[in-house]
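Contents: one structure, followed by commentary.
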Amino acid sequence: MIDPNLLRENPDAIKASQRARGNDESLVDQAVAADAKWRKAIQEFESLRAEQNAAAKLVGAASKEERPALIAAGQVMAEKVKAANEIADAAQKHLDEIIWKIENVVIDGVPAGGEENFTVVKEVGTKPKFDFEAQDHVALGESLDIIDIERGTKIAGSRFYFLKGWGARLELALMNMALDYASKNDFTALITPTLVRPEVMAGTGFLGEHADEIYYLPADDLYLTGTSEVALAGYHRDEIIDLSNGPLRYAGWSTCYRREAGSAGRDTRGILRVHQFNKLEMFSYIDPANSEAEHAKLLAFQEAMLQACELPYRVIDTAAGDLGSSAARKFDAEAWVPTQETYRELTSTSNCTTYQARRLNVRFRNAEGKTQTAATLNGTLATTRWLVAILENHQQADGSVKIPTALRPYLGGQEFITAPKARA
RNA sequence: GGAAGCGUGCCGGAGCGGCCGAACGGAACAGUCUUGAAAACUGUCGUCGUUAAUAGCGACCGUGGGUUCAAAUCCCACCGCUUCCUCCA
């Protein structure tokens, strides 16, 4: 939810943001009008209520003879208060409806426009040149016997897979390396629930336009989370957190579930786009004044991980129209996928400023001792999808895959993944 | 799954339908005392909204409804927690 004070003080800033996103600008004027209407209604209700409260007190103090008249007057008063209350409630509901539709105000510098209007911030690393026919991760996974898509599909349907042997170990190694790295950088590890209640799902903003992306269990009225961000954002819901010693940082590990309803036929090959994967997610609660610096930090952590995996990548600044409703700015890091000859998203980091925290009612005490809405940021530190880039970029002429040096300690020192010897 | 009990402020814990935003205790913060600290004493001490306002006023005692002139207190539903039994990785 946007800051109502900004709506009153600088509606033009919100309009500019709506324009950059390609959203409806007129919502802002509607919201301003609805806000004025609500304030008028709430004032009327409150003054009537004050009258009623005063009158009700008199009844208690009155003598037996005086009471009936006072109670009769009170009944009339109660009707008026009820009516005023209904008007105020309706005005507030109307205002809420409009204000919820307004997405977070984008940060200056975010490119305007849609998905294709991103700007490339940087390109890092050297794309591999193979003097042999490069295999994609599916072929590698099969020949090395580390990804079993056929059997995944057999037991759970399309977009499911088994990670096997070194494949399974590689994923755990990646997660562990990421967790180590995060822990060294002030993030507290959290293993989160992956089933949450409707109000948490709605509160984190995932039940909006992406509702059909989410698995739902009607028998229990629970949702399967598509990212631990849901639990991490809900973690401090309705709390006044202590940021006096700096930001609160969490590294949430969870399995993620996505229906991929809108992407039928897209990326059907391999494990690039699947219904179930694992992810280590960074999440920061911070004073909004420092949110942009924190955002840069999260991005730097992601880059450090990509570099540790020796992957060529680029960073893009996502265009306003391609941001989620909560994000004020988003950077994606995309790794080079040789067989696709293109960059594919491996990480994403969003600065949600106070938008998400306001909805979740997460506040902190500022230097003056007053409560203030916190800012939240999130960013991927590792996911199953990284295996695609690791396998493809580090494949060798003999069909084996070289394990990045930084990952080896998590794999018992193993240097290469080689095809298993044929069984007798 | 069966049975009982409970949900009040940072924590513990009172609360008769009007005098309750809420006793009391602890914690925290500020001050006095002290070379300093502890102890003791004094004071401050919930959140949100409205408003120019740290003035007033309004809302909030798990959540949502209801009864009443008036609800933390009565009624209903929901959610959660605890204990016991059953089951179980």
Side-chain angles (χ1 to χ4, degrees), chain A residues 1-10 31-100 191 193-204 207 216-223 231 234-245 248 254-255 285 354-374:
Chain A
M1 179 187 172
I2 57 158
D3 184 352
N5 286 320
L6 187 66
L7 186 67
R8 289 164 200 170
E9 285 157 18
N10 193 358
V32 169
D35 181 54
K37 208 171 160 189
W38 167 70
R39 284 199 278 174
K40 191 162 168 269
I42 194 81
Q43 279 172 44
E44 261 174 46
F45 160 72
E46 285 184 358
S47 63
L48 276 172
R49 173 69 99 187
E51 254 184 80
Q52 187 197 23
N53 284 344
K57 268 186 188 168
L58 290 180
V59 178
S63 67
K64 246 187 185 155
E65 298 75 52
E66 294 169 322
R67 279 203 181 192
L70 287 173
I71 288 177
Q75 282 167 346
V76 176
M77 199 61 219
E79 287 302 313
K80 280 164 82 178
V81 169
K82 200 176 172 192
N85 192 14
E86 272 162 18
I87 291 169
D89 279 354
Q92 179 158 37
K93 207 176 155 203
H94 180 62
L95 171 61
D96 279 350
E97 264 167 33
I98 296 166
I99 217 167
W100 286 120
I191 295 177
T194 53
L195 287 168
V196 300
R197 319 177 138 197
E199 61 266 29
V200 174
M201 211 50 152
T204 42
L207 273 190
Y216 173 60
L217 279 58
D220 300 284
D221 197 21
L222 289 169
Y223 291 90
Y235 193 64
H236 286 299
R237 196 159 91 122
D238 293 322
E239 290 182 26
I240 297 173
I241 54 175
D242 183 5
L243 296 181
S244 59
N245 298 315
L248 296 183
S254 81
T255 301
Y285 292 89
T354 58
Y355 192 89
Q356 189 178 50
R358 187 167 293 105
R359 185 199 287 250
L360 291 164
N361 192 26
V362 180
R363 292 162 296 160
F364 70 103
R365 247 172 243 293
N366 60 25
E368 290 88 64
K370 292 199 171 175
T371 58
Q372 191 185 329
T373 304

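Protein chains get the first letters and strands the later ones, always in sequence-line order, with residue 1 at the start of each.
Atom name P, nucleotides B/C10 and B/G18: the rounded distance is 25 Å, in whole Å. To the nearest whole angstrom, the two P atoms, one in B/G7 and one in B/G13, are 10 Å apart. Of the P atoms belonging to B/A22 and B/C57, the separation is 13 Å, rounded to the nearest Å. B/G62 and B/U73 have their C1' atoms separated by 16 Å, given to the nearest Å. As rounded to the nearest Å, B/G15 and B/G21 have C1' atoms that lie 13 Å from one another. B/G46 and B/A27 have their C1' atoms separated by 14 Å, given to the nearest Å. For the C1' atom pair drawn from B/C60 and B/G9, the interatomic distance equals 11 Å after rounding to whole Å. Nucleotides B/A72 and B/G58 place their P atoms 13 Å apart, quoted to the nearest Å.
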Practice prompt. Mark up nucleotides 46-63 of chain B, 5' to 3', with B wherever a protein heavy atom is under 4.0 angstrom from a base atom, S wherever such an atom reaches only the sugar-phosphate, and - elsewhere.
Written response: -SSBSS-----BBS----

Worksheet item: Passes side-chain contact (heavy atoms from CB on, under 4.5 Å), A/Arg363 versus A/Ile241? Steps please.
Response: CA-CA 6 Å; A/Arg363 292 162 296 160; A/Ile241 54 175; over 6 Å; no

Worksheet item: Are A/Arg49 and A/Gln52 close enough, and set up right, to give a side-chain contact (heavy atoms from CB on, under 4.5 Å), and what steps lead you there?
Response: CA-CA 5 Å; A/Arg49 173 69 99 187; A/Gln52 187 197 23; 2.9 Å; yes

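Base-pair partner of B/C29: B/G43 (Watson-Crick or G-U wobble, both distances under 3.5 Å). When both pairing distances are held under 3.5 Å, B/G56 makes a Watson-Crick or G-U pair with B/U50. Pairing for B/U63 goes to B/A77, judged as Watson-Crick or G-U wobble with the two contacts each under 3.5 Å.
Classification of A/Asp89 and A/Lys93 as a salt-bridged pair fails, no side-chain N sitting under 4.0 Å from a carboxylate O.
A donor-acceptor pair is defined here as one N or O able to donate and one able to accept, closer than 3.5 Å; such a pair exists between the side chain of A/Arg359 and the backbone of A/Ala202. At distances below 3.5 Å, at least one donor-acceptor pair connects side-chain atoms of A/Arg67 with backbone N or O atoms of A/Val59.
The stretch residues 72-100 of chain A touches RNA chain B through A/Gly74, A/Gln75, A/Ala78, each having a heavy atom under 4.0 angstrom from the strand.
Across all strands, A/Ile71 comes closer than 4.0 Å to base atoms (heavy-atom distances).
Between A/His236 and A/Tyr285, the ring-plane angle classifies as perpendicular under the 30° and 60° cut-offs.
Scanning both residues, A/Asn366 and A/Gln372, for their nearest heavy atoms gives ND2-OE1, 3.1 Å. Contact record, A/Tyr223 with A/Arg197: CD1-C, 4.3 Å, taken as the closest heavy-atom pair.
Contact annotation: A/Gln52 side-chain N/O to B/A70 OP1/OP2 distance is under 4.0 Å.
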